[in-house]
Amino acid sequence: MSAKKSNDPFFWTLFGAGGALSAMLIPAFLFLFGIATPLGWVEGPAYESVKMVLLHPLARIVAFFLVSLSLFHGAHRFRFTLYDGLQLKHLFQLIAVICYGGALAGSIVTGYILW
Amino acid sequence: MNRNAHHTLHHPKWYRVQKPIFWWVKRFADIRFIFRELTSLAVAYSVILLVVIYRALLTSEAAYTSLTTTLREPFWVTINVIALGAVLYHTFTWFNLAPRAIVMRLGKWRIPDLMIAGGNYAAWIVISGVIYLAYVSG
Amino acid sequence: MASTITIEVSRYRPEEESEPVFQSYEVPLRSDWVILDGLNYIKNELDGSLSFRWSCRMGVCGSCGMMINGEPVLTCAAFLESYAPGPIRIEPLQHFPVVRDLVTDMEDFMGKLTTVKPWVVREEEKPVEEGEYKQTPEQLADFKRYSMCINCMLCYSACPVYGLEPEFTGPAAIALAQRYNLDSRDEGNDDRMEILSHDEGIWSCTLVGECSEVCPKDVDPAGAIQRYKLAGATSWWKSILLPWQK
Amino acid sequence: MFESDPTLTIAVVSKVYPMRSHTVSAEGGAAAVIKPNDSLEDHIYDTISGADWMCDQDAVEAFVNEAPKEMLQLEHWGCPWNREEDGTVAVRPFGGMKIQRTWYAADKTGFHMLHTLFQTSLKYDPIERFDEWFVTRLLVEDGRCQGVVAVELATGRIQPILGRSVILSTGGCGKIFPFTTNANIKNGDGMALAYRAGVPLKDMEFIQYHPTGLPFTGILITEASRAEGGILVNKDGYRYLQDYDLGTPHPKPVLRSMELGPRDRLSQAFVKEQEKGRTLEGEYGHYVHLDVRHLGEKIIDSRIPFVRELCLKYENIDPVKEMIPVRPVIHYVMGGVHTDIDSATPLGGLFAAGEVACVSINGANRLGSNSLTELLVFGARAGRSAAEFAKAHQGFTNGIESQVLDEENRLNTLLNSDGTEKVADIRSEMHETMESGAGIYRSRDTLEQSSQKIRELQERYSRVKVEDRSMTFNTELTSILELGYMLDVAETIIQSALQREESRGSHQRTDFPERDDDQFLSHSLAYREDDGSSRVDYLPVKITKWPPGERVYGEKK
Ligand SMILES: Cc1cc2nc3c(=O)[nH]c(=O)nc-3n(C[C@H](O)[C@H](O)[C@H](O)COP(=O)(O)OP(=O)(O)OC[C@H]3O[C@@H](n4cnc5c(N)ncnc54)[C@H](O)[C@@H]3O)c2cc1C
Ligand code: SF4
Ligand code: F3S
Ligand code: FES
């Protein structure tokens with residue numbers, strides 16, 4: 001067995017943190033913004049108040065971590081789904097670069113938009 | 001290892017099967033697993049949506065209003081319902097598996113797995129409630 | 001003995017066939033018979049040439065694992081009745097090369113077992129004359145669960161990652177490593193971490209969790225691997241952030 | 001078991017992967033003196049009286065003295081012994097033992113011991129394993145054993161494995177009988193191998209019935225269930241053991257009394273109860289009830305969880321709510337390959353340890369939890385003796401090759417023979433005749449009938465039918481060879497039992513109901529004659545400090 005030192009611990013940590021954070025926060029957010037408000041079940045708050053809450057520096061930091069870590073979470077899982085589900089292990093370097101690269105790019109864009 | 005039996009290792013006569021590409025459609029448990037893994041796409045989609053909302057918010061009120069209007073289209077509502085289903089599945093599987101990795105103790109007493117999972121759910125309900133109240137009360 | 005049940009057994013005779021074929025047998029359906037009793041009935045009464053492994057008939061030697069209707073199962077612990085009216089399809093454990101009929105090749109697993117150093121590693125051995133190493137019931141409870149593995153390899157058969165990637169160290173071997181890691185008498189943690197924290201070790205596992213589902217002894221290898229990953233990640237960050245420690 | 005000397009290489013040959021060996025099933029525990037309230041003297045006395053004075057007392061002394069060290073060694077290797085609050089090893093009471101001294105790892109003691117030992121053995125490079133190699137013959141030349149011939153099951157390859165000394169540790173022969181706690185692999189292979197090589201089998205008439213096996217499968221319900229407080233009742237719910245000189249009932253278990261009496265006496269009491277018509281009858285014969293319900297779910301789950309698991313998974317009974325049906329089942333053979341106190345057989349270079357051997361420390365009745373310890377103590381002794389022998393004897397003699405060819409021919413002929421007799425038929429007739437002729441109670445009549453039957457089966461065996469001619473994992477071939485081993489061993493059991501005209505421990509003759517120390521305080525030695533029959537000789541028992549006395553259990557002790 002090739003005992004190559006793995007860099008998986010790094011991505012796994014991001015994956016884990018993203019998994020936990022997204023499990024906690026996303027359902028409520030998605031329900032409110034994506035379903036309840038558009039369907040008129042609840043009345044969405046006015047532009048100004050949304051802005052006030054979401055643009056609060058603390059909220060921005062939370063949002064940044066949520067987005068970035070969740071992207072890494074998704075990237076990590078999707079990468080293994082491609083390996084296992086479609087047996088694309090032989091392309092592993094390419095897939096890893098695309099998945100984690102995508103997450104990294106997404107995080108940068110998010111940071112740029114937020115600040 | 002059984003060094004003397006090397007000639008039997010990978011014996012040519014032994015029959016081997018290669019897993020078919022779509023191995024996971026045969027068993028319910030495997031489909032469920034692949035579905036769990038695919039929730040990663042829903043998670044990614046959701047945070048991208050969040051970023052889009054931020055961008056609109058930061059651009060102008062008009063942009064924000066137009067976004068909320070777009071989100072009212074049946075197409076997007078459907079997408080979001082699907083995504084929510086997947087994300088909820090992610091949440092449940094995640095909380096149920098968390099105690100597997102984490103062993104918590106109070107003194108000598110090991111906190112049972114069910115309580116750790118329960119704690120996760122409790123926190124989740126509280127946090128979701130807070131978000132909801134903050135949102136509704138504007 | 002009123003009724004019978006049909007058993008379809010996968011036969012592979014390497015001298016005669018190039019791939020397995022199914023052969024059907026009728027065996028009595030008795031309420032206290034397990035599948036293994038059915039197989040023995042076939043061997044004793046119907047067809048002496050059927051090959052399969054078994055020994056204890058009490059779920060502890062670990063030799064009688066097979067695929068029953070596509071699921072890995074200990075055949076001495078599964079009643080015929082629970083599969084009535086049948087037919088019952090019996091195949092060798094999947095993901096392993098088939099030697100003959102229901103017999104698979106175990107060498108890969110045996111090799112992996114050795115690589116994880118499943119023995120007490122100590123810097124200094126205490127002489128036997130000085131008595132036992134003290135270990136409280138709580139310390140025992142820490143690893144007890146992971147020490148219950150009977151090496152039946154059902155978990156390997158259930159784990160798709162192992163099926164796709166035979167290099168993967170796999171659930172039982174990692175659980176065994178964890179059994180020694182958590183033993184208060186052992187000091188081999190770092191050694192084993194070195195061995196297992198590579199791509200084919202713990203990081204290959206995507207927490208499918210099926211290994212724990214099928215485990216007849218409730219060893220929970222999936223949990224063992226998860227805990228191992230957490231420990232692995234922690235030590236990785238430590239080595240990055242606090243490189244002077246070690 | 002083999003502490004290594006770097007100049008030696010060791011081959012471990014086993015017909016199953018080592019961790020599948022039958023030791024894995026042992027539940028209750030392993031005895032060794034460790035607690036301050038215990039003494040070596042007491043353990044020695046319990047063992048000797050339990051054996052009905054049939055054991056060699058020097059061997060018992062050595063055994064008891066070395067037991068604690070070997071058990072601690074296993075602790076150091078990682079065996080997960082149950083513990084007291086202060087971290088020391090915990091002990092439990094066991095049948096026939098006056099003081100609690102049985103170490104245990106829940107009720108999977110043998111499992112944990114075997115896995116610990118096996119896993120630790122992986123550490124040692126000089127140990128080479130031949131897993132799933134089936135030994136068919138000992139190679140004896142020049143008056144010493146120089147190796148074995150074995151078949152690699154996976155490929156059918158027949159090959160000699162040479163060794164300057166050979167240790168047999170092939171376990172017992174319970175499969176000669178129909179109802180047994182023993183696994184499928186316990187066919188007396190090693191006994192027959194040695195016997196065929198001219199080594200006598202000692203004390204083969206002493207076969208232990210365990211009083212509490214599950215009727216159909218023979219799955220063992222460990223003695224620990226009685227040690228924890230389980231009781232035996234007949235069909236009227238009556239604790240019948242009190243009628244058989246085993247003490248009076250108490251709500252709490254009392255050592256060396258009632259349910260914690262020795263196995264032979266408990267099994268005999270069952271037969272008497274059956275004769276009185278006070279047992280229950282089911283599809284698989286008579287049985288009584290073992291009741292643990294009063295212990296409650298908590299104790300059952302923490303102290304004897306495996307008992308519950310076995311009942312639930314293999315018999316569909318929940319001992320928390322229901323009584324467990326039990327009957328005596330063949331469990332252990334006290335006799336075996338004749339060895340001295342250093343595990344050496346009369347044949348140079350051949351050593352034996354474990355259930356296959358008879359040193360003897362178990363005499364006419366083994367005490368529960370002495371066997372696992374015996375494996376360690378005499379396994380270690382055998383290892384040391386074999387190493388010494390190997391160092392003193394270099395090289396191999398030439399004649400061996402022709403023996404190997406011989407054996408190859410024999411096996412190939414067998415594989416291609418055209419017989420008519422079914423293995424399963426011969427086997428089940430052997431089962432029947434052994435149970436009826438050499439069961440818990442024997443007599444000249446029954447034994448002679450069985451003796452004849454075994455002859456007949458031997459003859460039919462020579463015309464056995466072979467359906468499977470494959471070279472790959474041919475389990476029919478192995479069962480045929482095993483049947484041959486069993487028939488040989490069955491012969492020695494019957495002849496030894498026939499000649500011992502007394503009752504002692506597990507050997508009970510209805511026609512000679514008394515113990516007869518004048519004539520029979522000696523070990524029987526069964527030798528193989530050229531025509532396949534056994535000749536029985538005697539060897540006096542070694543008595544050192546403990547003159548034969550009466551075995552008393554219950555209040556009288
Ligand atoms: C259900 C049960 C419970 C028990 N509980 C207890 C207990 O609580 N306490 C106690 O002290 N004792 C107990 N005993 C008794 C004790 O477990 C056995 O006596 C002991 O384990 C025998 O060990 P062994 O090493 O001699 O043989 P085994 O463990 O049977 O090993 C025999 C080995 O020899 C190999 N072998 C045999 N024939 C061949 C061949 N022809 N070629 C190659 N290899 C061969 C086998 O593969 C196997 O590896 C129990 C026994 C049973 C059946
Ligand atoms: S972990 Fe469970 S399933 Fe896997 S080999 Fe061990 S006992 Fe069998
Ligand atoms: S099934 Fe396989 S992927 Fe991991 S959790 Fe179990 S080892
Ligand atoms: S026969 Fe031993 S586990 Fe099934």
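Below, chain A is the first sequence line, B the second, and so on; all start at residue 1. Side-chain atoms are counted along with the backbone in the values below, which use heavy atoms only and exclude waters and symmetry mates.
The residue among D/Glu132, D/Lys123, D/Lys422 with the most heavy atom pairs within less than 4.5 Å of chain C is D/Lys123. Of all the listed residues (D/Arg469, D/Glu70, D/Lys108, D/Lys465), the one sharing the greatest number of non-hydrogen pairs under 4.5 Å with chain C is D/Lys108. Between chain C and the residues D/Asn184, D/Thr181, D/Asn182, the most heavy-atom pairs under 4.5 angstrom are made by D/Asn184. Of the listed residues (D/Met71, D/Lys186, D/His115), the one with the most heavy-atom contacts under 4.5 Å to chain C is D/His115. Annotation: maximal heavy-atom pairing with chain C below 4.5 Å, among D/Thr120, D/Val89, D/Ile34, occurs at D/Val89. Most heavy-atom pairs under 4.5 Å with chain C, from the set D/Thr23, D/Thr88, D/Ile185: that is D/Thr88. Interface check for chain D: of the options C/Val103, C/Val99, C/Asp32, C/Thr136, the most heavy-atom pairs under 4.5 Å are formed by C/Asp32.
When only modelled atom types and interatomic distance are considered, D/Ser470 and C/Glu15 share a side-chain donor-acceptor pair under 3.5 Å. Under the 3.5 Å distance criterion, with hydrogens and angles disregarded, no donor-acceptor pair is assigned to the side chains of C/Asn151 and D/Tyr17.
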Show your working on side-chain contact (heavy atoms from CB on, under 4.5 Å) between D/Gln119 and C/Tyr180 and close with a plain yes or no. CA-CA 11 Å; D/Gln119 287 158 9; C/Tyr180 280 95; 2.7 Å; yes
Query raised in the report: Between D/His112 and C/Lys144, is a side-chain contact (heavy atoms from CB on, under 4.5 Å) present by the stated rule, with each step listed?
Result: CA-CA 10 Å; D/His112 286 299; C/Lys144 183 87 195 187; 3.7 Å; yes
Take D/Phe306 and C/Met58 through the side-chain contact (heavy atoms from CB on, under 4.5 Å) test and state the conclusion after the steps. CA-CA 10 Å; D/Phe306 194 42; C/Met58 54 191 279; 3.9 Å; yes
- [ ] Take C/Glu130 and D/His76 through the test side-chain contact (heavy atoms from CB on, under 4.5 Å) and record every step on the way to the result.
- [x] CA-CA 11 Å; C/Glu130 286 173 26; D/His76 285 215; over 6 Å; no
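Judged as a ring pair (Phe, Tyr, Trp, His ring centres under 6.0 Å), and not counting sequence neighbours, C/Tyr146 has no contacts.
Counting only distance, with no hydrogens or angles, the side chain of D/Glu85 and the backbone of C/Pro137 share no donor-acceptor pair below 3.5 Å. Proximity of a side-chain donor or acceptor of C/Ser51 to a complementary backbone N or O of D/Phe473 within less than 3.5 Å is detected. Listed for the D/Arg20 side chain is no donor-acceptor partner under 3.5 Å among the backbone atoms of C/Cys56.
For D/Ala106, the parts sitting under 4.5 Å from any heavy atom of chain C are the backbone and the side chain alike.
Smallest separation of non-hydrogen atoms from C/Met110 and D/Arg129: CE-NH2, 3.3 Å. Shown here for D/Phe111 and C/Cys149, the closest heavy-atom pair between the two residues is CZ-O, 3.2 Å.
Along residues 118-127 of chain C, the residues that come nearer than 4.5 angstrom to chain D, judged on non-hydrogen atoms, are C/Pro118, C/Trp119, C/Val120, C/Glu125, C/Lys126, C/Pro127 in order of number.
Ion pair D/Arg83/C/Glu138 not flagged as a salt bridge, since none of the NZ, NE, NH1 or NH2 atoms sits closer than 4.0 Å to an Asp/Glu carboxylate oxygen.
The line from CD of D/Glu476 to CG of C/Asn44 is 10.0 Å long, rounded to the nearest 0.5 Å.
The side chain to side chain donor-acceptor pair (under 3.5 Å) test with C/Arg100 is passed by exactly one of D/Thr475, D/Asn474, D/Asp468: D/Asp468.
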